[in-house]
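Report on the structure given below.
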Amino acid sequence: MSSKSVERLGRVVIRFAGDSGDGMQLTGDRFTAETASLGNDLSTLPNFPAEIRAPQGTLPGVSSFQVQFADHDVLTPGDAPDVLVAMNPAALRANLGDLPRGATVIVNTDEFTKRNLGKVGYTANPLDDDSLDSWQVHAVPLTSITVEALDTFDLTRKDKERAKNMFALGLLSWMYNRPTAGTEAFLKTKFATKPEILAANVAALHAGHAYGETTESFAVSYDISPAPMAAGTYRNITGNLALAYGFVAASYRSGLPLVLGSYPITPASDVLHTLSTLKRFGVTTIQAEDEIAGVGAALGAAYGGALGLTTTSGPGLALKSETIGLAVSLELPLVIVDVQRGGPSTGLPTKTEQADLLQAMFGRNGESPVAVIAPSSPTDCFDAALEAVRIATTYRTPVILLSDGYLANGSEPWQVPDVDALPDLTVELATEPNDVDDEGNPVFHPYLHDETTLARPWAVPGTPGLEHRVGGIEKADITGNISYDPGNHDHMVRLRQRKIDTIAQSLPDLEVDDPSGEARVLVLGWGSTYGPIKAATRLVRGTGAKVAQAHLRHLNPFPANLGDVLRSYDRVVVPEMNLGQLALLLRAKYLVDVRSHTAVRGLPFATTELADVIDQHLKELA
Amino acid sequence: MSTDLGIPTLRSGTDGVPTLPEGETQNRKEFTSDQEVRWCPGCGDYAILAAVQGFLPDLGLRRENIVFVSGIGCSSRFPYYLDTYGMHSIHGRAPAIATGLATSRGDLSVWVVTGDGDALSIGGNHLIHAMRRNVNMTILLFNNKIYGLTKGQYSPTSDVGAITKSTPLGSVDHPFNPVSLALGAEASFVARTMDSDRKHLTETLRAAAEHRGTSLVEIYQNCPIFNDGAFQLLKDRDEATARILHLVDGEPVRAGSGDATRVVVRDDEGRLQVVPEADADPGRLVRHRVADPDPSQAFALSRLDDPAFAQVPMGIFRNAPRPTYDDGVRAQVSAAVDDAGGRAAHADLTALLHGKDTWTVA
């Protein structure tokens with residue numbers, strides 16, 4: 001045991017930063033897993049470049065992973081790191097601006113060579129002058145100590161150097177009293193076929209831990225108690241994994257086989273990767289030749305009675321729009337996941353944004369309404385997937401689920417649900433005629449709509465007696481035959497809209513968090529801004545001010561009480577990572593003068609930024 | 001990294017599709033829907049529809065297990081006129097939609113109806129990838145060398161020089177040869193037939209349906225409104241006899257009769273040429289090998305096409321079975337399910353959701 005002193009902390013934000021090849025995402029993931037197993041609440045933010053390996057040691061090549069963990073409820077990955085681990089000068093330079101005065105910086109001095117310093121514009125070594133005096137700097141020759149610790153291993157110097165991320169992880173694990181057994185088990189699986197590499201990584205992990213314990217420069221280690229959480233079994237999960245599991249659960253609960261048609265695209269591809277490993281659950285994945293074929297395959301499968309799913313990001317959604325319009329016309333269930341990223345065009349493939357809301361709402365020809373929903377956190381992606389399937393199958397409609405890059409890659413602890421407690425998604429397929437003809441003979445009418453849901457029967461090929469044709473040409477109501485009749489078209493356009501509007505009857509009222517009941521300002525958000533908005537309202541309330549907060553899961557249709565909620569506050573503030581897309585919809589639909597706060601920096605909102613915005617509005621009303 | 005997939009043994013194209021009970025039959029009328037056919041008078045599509053309605057009952061498949069998927073264009077109205085399941089989809093995308101359907105439902109006989117514009121222009125990508133993957137489906141490509149439904153623009157099979165609505169000075173656009181394209185995409189079954197030759201059309205469709213994998217059947221089809229007579233030479237009995245090179249497996253490739261018979265030979269450079277039979281060196285005669293795993297000779301035969309129809313190879317260019325995509329996908333899923341002890345149950349899903357790293361809060 002260490003003889004050093006242990007301090008207790010309530011919360012800590014750590015950012016691991018290094019070159020794209022330094023293994024910072026893995027280091028962050030492992031530290032997160034260790035932290036989760038200790039029962040801290042946490043939230044993570046991976047941040048990496050689109051380039052797989054940008055030029056070594058340069059600013060564009062910096063990859064980072066931030067985790068906030070605490071002895072209480074955590075809503076965001078944290079605004080500013082308390083600790084920065086910088087594996088090279090580029091990582092220091094790229095992240096120093098985010099570091100508050102007094103924060104701890106651990107730098108790998110081995111990489112602070114003249115050449116590396118020059119690559120990022122340092123004319124002098126910041127470790128040698130007073131430029132870092134505002135921070136607590138631990139200058140550690142991480143690479144050379146790692147190599148030294150692995151002296152007896154029969155490995156190349158390069159392989160030994162590669163283990164330096166495990167050394168750093170060991171050091172941080174010591175500093176925050178994290179257990180390393182989980183990481184050792186992880187390494188055993190990862191390097192099962194490379195025993196020497198495995199041993200080296202474990203040795204580096206231990207060496208890092210021992211370094212913290214014995215080196216004088218690290219005088220204190222820290223303890224963060226577990227956060228109070230509801231009783232249950234927990235795991236850590238990212239948004240993309242939660243989405244994939246949500247769809248598998250929906251398949252199980254609906255009894256329909258899941259068929260994913262998808263084309264690889266950042267940041268959605270992990271859903272394809274995960275589902276391709278879950279064939280055991282009857283999941284079929286089709287990696288299509290393009291985005292259009294991905295949704296086409298999903299729609300074809302849906303026509304055949306499967307749970308049709310396609311996953312993409314903004315540019316892919318643009319390509320799928322015509323097929324989604326066909327699904328609107330066919331009135332078949334189809335789920336489209338858009339893991340949003342910075343746009344327009346290729347934009348910022350690895351960064352987050354919420355700027356596809358209007359594309360999801362309106363990005364098709366003609367009056368082509370679809371249901372739109374958005375998860376609010378990584379774990380909520382699981383529930384959102386089930387909800388998307390519920391709406392799609394109940395109402396026989398395409399549903400667009402808007403996740404984003406932050407939710408996709410961010411992670412947090414998840415209370416693993418009881419499978420029996422998941423919604424029952426049983427679907428009734430049509431099996432027999434549903435109408436009679438003029439002579440009273442039973443017939444099947446594919447466009448005879450259910451009176452309550454306005455859904456049409458789902459009659460899949462292989463069902464005798466229900467042979468019928470569907471298509472993108474306007475259909476006559478009831479019979480589904482081609483119809484160019486003006487009155488019928490007007491009727492069908494309104495019917496399809498009414499069907500989407502009808503979904504609102506199945507939605508719970510929007511809940512408002514307004515503890516005093518006296519707030520005059522409502523902060524309303526959607527999607528991944530939930531954490532920062534919630535955290536900001538807490539900050540503001542901490543100062544004694546009153547503010548209400550609500551968050552939309554359903555963007556189309558909106559919950560039935562939304563208009564009443566909006567009109568019951570003197571001011572409605574809508575923070576969005578776009579230029580005010582939800583605000584535009586709210587203003588148009590409810591004639592309420594909502595105030596937008598927008599930022600499109602490819603990063604989630606900072607809590608303090610939103611708290612300042614709320615403060616400003618409170619002041620204006622005072 | 002690659003691995004042995006253990007793809008199932010090759011079977012007929014309709015294996016797995018439920019058949020009629022022993023002794024029961026269906027007729028053409030049962031395959032005819034109640035919808036009024038709305039093609040122009042004299043359109044070649046009528047003949048193809050009649051042939052398909054006449055031939056489908058012979059397959060002995062349950063009608064509800066047959067699905068026709070089409071794209072956009074005159075030909076794509078086809079599904080409305082058949083009393084099977086059908087989807088009239090969007091321009092060019094039928095092969096993609098059919099891929100999802102055929103892959104997820106091995107018990108269906110899936111057909112795609114498309115045209116030269118639908119398949120080769122806007123849907124070119126989906127077409128080549130369907131053929132590359134070898135999804136078990138039959139694609140009927142109606143080639144009339146013109147855009148009909150948009151009223152007469154040139155298509156990707158229109159000849160250079162074609163005067164159309166959008167090429168008033170003649171098209172400078174080089175056309176695709178659909179058969180060459182299909183062979184280049186390694187389609188496992190490629191054939192060409194003609195709307196007006198009912199017998200040949202029916203025989204070709206039967207072979208295409210029998211083939212497991214993607215069958216691409218190019219059907220020369222007359223558009224009486226915008227490109228009338230495009231295949232007229234081949235409809236004249238004597239001209240057809242003289243010009244059509246019959247592709248018969250194992251036989252020399254011949255056109256014409258009597259003294260005017262011509263045959264395909266391989267020249268010193270390895271190229272194929274059509275020469276009078278009397279002049280042909282028997283050692284250089286090209287015999288058609290329909291199942292040759294190497295598509296080179298079939299491709300060379302497809303290049304004998306000539307815009308003026310000096311000779312036109314007709315029949316089955318290639319029928320060389322190889323593993324199909326949909327069989328492979330289904331095999332992987334069912335093997336995974338079987339290996340795990342059957343259909344996933346409550347406990348399996350619970351285990352999945354928990355993963356390997358959990359902790360408990362009391």
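Chain naming here is simple, since letters A, B, ... match the order of the sequence lines and numbering starts at 1 in each. Nothing here was measured: the structure is a model prediction, and the numbers come from that model.
The side-chain heavy atoms of B:Val329 and A:Thr285, taken from C-beta on, include no pair separated by under 4.5 Å. Looking only at side-chain heavy atoms (C-beta outward), A:Phe281 and B:Leu352 come within less than 4.5 Å of each other. Side-chain contact check for A:Thr284 versus B:Ser104: every heavy-atom pair is 4.5 Å or farther apart. Contact annotation: the side chain of A:Ile473 approaches that of B:Arg77 to within less than 4.5 Å [non-hydrogen atoms, C-beta and beyond]. Side-chain contact between B:Arg63 and A:Glu467 is present, with heavy atoms from C-beta onward closer than 4.5 Å. Side-chain contact check for A:Asp418 versus B:His346: some heavy-atom pair is nearer than 4.5 Å. A heavy-atom distance below 4.5 Å is found between the side chains of A:Ile482 and B:Tyr80. At least one side-chain heavy atom of A:Ile292 sits under 4.5 Å from a side-chain heavy atom of B:His126.
Here A:Gly304 is the residue among A:Gly294, A:Gly304, A:Ala185 with the most heavy-atom pairs under 4.5 Å with chain B. Note: B:His354 leads B:Arg93, B:Lys356, B:His354, B:His91 in heavy-atom pairs under 4.5 Å with chain A. The greatest number of non-hydrogen atom pairs below 4.5 Å with chain B, out of A:Gly462, A:Ala33, A:Ala301, is found for A:Gly462. For the set B:Gly341, B:Ser76, B:Ala98, B:Ala345, the entry with the most heavy-atom pairs within less than 4.5 Å of chain A is B:Ala345. Interface remark: of the candidates B:Ile90, B:Asn65, B:Thr358, B:Ile90 forms the most heavy-atom pairs closer than 4.5 Å to chain A. When A:Ala293, A:Gly232, A:Ala306, A:Gly472 are compared by the number of non-hydrogen pairs under 4.5 Å with chain B, A:Gly232 comes out ahead. Chosen from B:Ala340, B:Ala344, B:Pro18, the residue pairing most often with chain A at heavy-atom distances under 4.5 Å is B:Ala344. Contact tally against chain A (heavy-atom pairs below 4.5 Å) for B:His88, B:Arg330, B:Gln35, B:Arg132: the top residue is B:His88. With chain B as partner, the option from A:Gln415, A:Arg280, A:Glu322 having the largest number of non-hydrogen pairs under 4.5 angstrom is A:Arg280. Interface summary for chain A: among B:Asp83, B:Ile128, B:Ile66, the most heavy-atom pairs under 4.5 angstrom belong to B:Asp83.
With a 4.5 Å cut-off on non-hydrogen atoms, A:Pro228 does not touch chain B at all. When heavy atoms are compared at a cutoff of 4.5 Å, A:Val259 approaches chain B solely by way of its side chain, counted from C-beta outward. Looking at B:Asn125, both its backbone and its side chain come within 4.5 Å of chain A, counting heavy atoms on both sides. Proximity to chain A involves both the backbone and the side chain of B:Gln332, based on heavy atoms less than 4.5 angstrom apart. B:Ala362 touches chain A through its backbone: at least one of N, CA, C or O sits under 4.5 Å from a heavy atom, while the side chain does not. Only the backbone of B:Leu82 comes within less than 4.5 Å of a heavy atom of chain A; no side-chain atom from C-beta onward does. For A:Pro461, the parts sitting under 4.5 Å from any heavy atom of chain B are the backbone and the side chain alike. For B:Tyr325, the part lying near chain A is the side chain, with the backbone staying farther off; criterion is any non-hydrogen pair under 4.5 Å. Contacts of A:Val295 with chain B are absent, with no heavy-atom separation under 4.5 Å from either backbone or side chain. Residue B:Val333 touches chain A through both its backbone and its side chain, counting heavy-atom pairs closer than 4.5 Å. Using a 4.5 Å cut-off between heavy atoms, A:Ile237 makes no contact with chain B at all. Looking at B:Thr103, only its side chain comes within 4.5 Å of chain A, counting heavy atoms on both sides. With a threshold of 4.5 angstrom between heavy atoms, B:Leu349 approaches chain A through its backbone and through its side chain. For A:Phe382, the part sitting under 4.5 Å from any heavy atom of chain B is the side chain, from C-beta outward, and nothing else. For A:Ala249, the parts lying under 4.5 angstrom from a heavy atom of chain B are both the backbone and the side chain.
When all heavy atoms are compared, the tightest approach of B:Val337 to A:Gly282 is CG2-N, 4.1 Å. Closest approach of A:Gly39 and B:Trp359 over heavy atoms only: CA-NE1, 3.8 Å. When all heavy atoms of A:Pro417 and B:Leu353 are compared, the closest pair comes out as CG-CD1, 4.2 Å. A pairwise comparison of heavy atoms in A:Lys279 and B:Ala336 identifies CB-CB, 3.7 Å as the closest pair. Annotation for A:Gly300 and B:Leu101: closest pair O-CD1, 3.3 Å, computed over non-hydrogen atoms.
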B:Val361 vs A:Thr233, side chain to side chain contact (heavy atoms under 4.5 Å, CB included): CA-CA, chis, key distance, verdict: CA-CA 6 Å; B:Val361 176; A:Thr233 303; over 6 Å; no
For A:Leu466 and B:Glu64, what are the C-alpha separation, side-chain angles and deciding distance, and is it a side chain to side chain contact (heavy atoms under 4.5 Å, CB included)? CA-CA 8 Å; A:Leu466 307 192; B:Glu64 65 268 22; over 6 Å; no
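Other residues, nucleotides and ligands contribute more than 12 heavy atoms inside 6.0 Å of the CG atom of A:Asp437. When the shell of 6.0 Å around CZ of A:Phe444 is examined, it contains more than 12 heavy atoms from other residues, nucleotides or ligands. Atom CZ of B:Arg343 has 12 or fewer heavy atoms from other residues, nucleotides or ligands within 6.0 Å.
No hydrogens or angles considered: nothing links the side chains of A:Asn236 and B:Asp357 as a donor-acceptor pair under 3.5 Å.
The aromatic rings of B:Tyr85 and A:Tyr303 sit perpendicular to each other, their planes meeting at more than 60°, with 30° as the lower class boundary.
Contact check on A:Glu289 versus B:Arg133 returns a salt bridge, with a Lys/Arg side-chain nitrogen under 4.0 Å from an Asp/Glu carboxylate oxygen.
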